[in-house]
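Let me begin by handing over the structure; questions about it come next.
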There are 2 protein chains.
Amino acid sequence: MSTPSSPSRKARADASRNRDRILEVARNLFAERGSQVQLPEVARAAGVGIGTVYRHFPTQADLIEAAAAQRFAEIEEYARTCLGGEPGRGLWRYLNHVGETLEADSGLSAAIEAARHSRGSAPRGEALAGLEAVIGDIIESDCAAGALRADLTVADVYMMVGALSATISTGSGDWRRLLALQFEGLRSA
Amino acid sequence: MSTPSSPSRKARADASRNRDRILEVARNLFAERGSQVQLPEVARAAGVGIGTVYRHFPTQADLIEAAAAQRFAEIEEYARTCLGGEPGRGLWRYLNHVGETLEADSGLSAAIEAARHSRGSAPRGEALAGLEAVIGDIIESDCAAGALRADLTVADVYMMVGALSATISTGSGDWRRLLALQFEGLRSA
DNA sequence: ACCTGAACACCGTTCAAGT
DNA sequence: ACCTGAACACCGTTCAAGT
């Protein structure tokens, strides 16, 4: 609404450089320490004033979300490869990849947590709509192969990933065990 | 270490009354809004100064833990009744009761979350040792009845309850569905 | 247009004074 | 002994001035 005239018609050169620096620094910091990273720290590490961080990312949640966007894209890309492999094993491969990504990048858990604590069903970026569609396809494909319970929904998978994310982000327990146990509930009876 | 001479040898009358008021108020507030309740608010509602809250509960986590202690006791009590019922259904009944308690009292999720984010395996009060033992007995009993997978551990159950708690506390998804899916992974194959 | 950093609002926690 | 509340440290966010 209050951003440049056109949907991003030629942002100023140093401005977009700043934005990139902030995002890169944020990605690294969030990956390491998750949501406990402070914004002044990000500003310092990026070599800009705090106001500049807020100009590009109006709220902390926006920055966390933006920093995780790449991971979501990568996950979606990987998800597509799960559609072609051994029949009936797509969702299992997908969930393992998500677990490994969550383990390697605390920023992803932070983004999921932020989204969960946000409004019940806030208008999450259309980026996630694409991922949602692919997951739906994987479920359908695995179901057709007789590997998954017939009533499984995308919402079920999201709920489980959220639960997995919360567990991984506390560092407690061993997530591969949790995933293995959880997955039993997704298989056909 | 720095508390009264004996392990609580006669605390002053108004002091213990203050402590009780703080705890009662905290229980109500935490139950309603979980960990987003602020300590000044607790002090105000209890009609005491902030310093008094800190005198009795050195840190916010201590207050959250103390406020949830009753719930843990109630849960342990209920858990014991799960040992006598229909053979093989103890853990299922236990987990449903935990879910209902989590749903009704946000303070319990707050306490679990706090404990999880705390030191990996901090010296949690011996209160939890009792609960842990009962859960172990339930598992053993249900296993003997052939209802649960033989390699199931108390740690598995804790991990799942933590995942369930995190999901319920965000209000996202429907926890009975999650529990049903999760429980499939605990049953014998 | 965009950047900066002082300033504001707020919260957890401490501590010097009181009783 | 215990209570009080001003004070401190700190963090997210805003905004008047600068360029």
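Lettering follows sequence order; numbering is per chain, from 1.
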For DNA chain C, the dot-bracket pattern of Watson-Crick and G-U pairs whose distances stay under 3.5 Å, | for other-strand partners: ||.|||||...|||||.||
Euclidean distance, atom CD1 of residue A:I64 to atom C1' of D:dG12 [Å, nearest integer]: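 For the pair A:I64 CD1 and D:dG12 C1', the rounded distance is 12 Å.
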5' priority, DNA chain D, between A:G51 and A:Q38 [closest heavy atom]: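 With A:Q38 and A:G51 compared, the 5'-side residue is A:Q38.
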A:E184 and A:R149 ion-paired at < 4.0 Å: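 Looking at A:R149 together with A:E184, the answer is no, because their closest N to O distance does not fall below 4.0 Å.
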Separation of D:dT4 C1' from B:D14 CG (nearest whole Å):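 Atom CG in B:D14 sits about 13 Å away from atom C1' in D:dT4.
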Residues A:R27 and A:E32 bridged, charged N to O under 4.0 Å: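 No, this pair does not count.
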Salt-bridge present (B:E74, B:R71; N to O < 4.0 Å):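 Result for this pair is yes, salt bridge flagged.
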Sugar-phosphate, base or nothing in reach of B:L39, heavy atoms under 4.0 Å: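 Since only primed, P, OP1 and OP2 atoms lie under 4.0 Å of B:L39, the category is sugar-phosphate.
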Under 4.0 angstrom between B:N18 side-chain N/O and D:dC3 OP1 or OP2: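 Yes, B:N18 has a side-chain N/O under 4.0 Å of OP1/OP2 on D:dC3.
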CD on A:E77 to CD on A:Q70, rounded to 0.5 Å: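 One finds 11.0 Å between CD of A:Q70 and CD of A:E77.
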Contacts of type side-chain hydrogen bond (donor to acceptor under 3.5 Å, both in side chains), residue A:S35, not counting sequence neighbours: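 Residues passing side-chain hydrogen bond (donor to acceptor under 3.5 Å, both in side chains) with A:S35: none at all.
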Protein-nucleotide distance (B:L63, atom CG; C:dG12, atom C1'), rounded to Å: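 Going from B:L63 (CG) to C:dG12 (C1'), I get 13 Å.
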Interatomic distance where CZ belongs to B:R44 and P belongs to C:dC10 [whole Å]: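 Computing the B:R44:CZ to C:dC10:P distance gives 11 Å.
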For DNA chain C, the residues among residues 52-62 of chain A that have a non-hydrogen atom under 4.0 Å from it: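 Those residues whose heavy atoms fall under 4.0 Å from DNA chain C, taken from residues 52-62 of chain A in numerical order, are A:T52, A:R55, A:H56.
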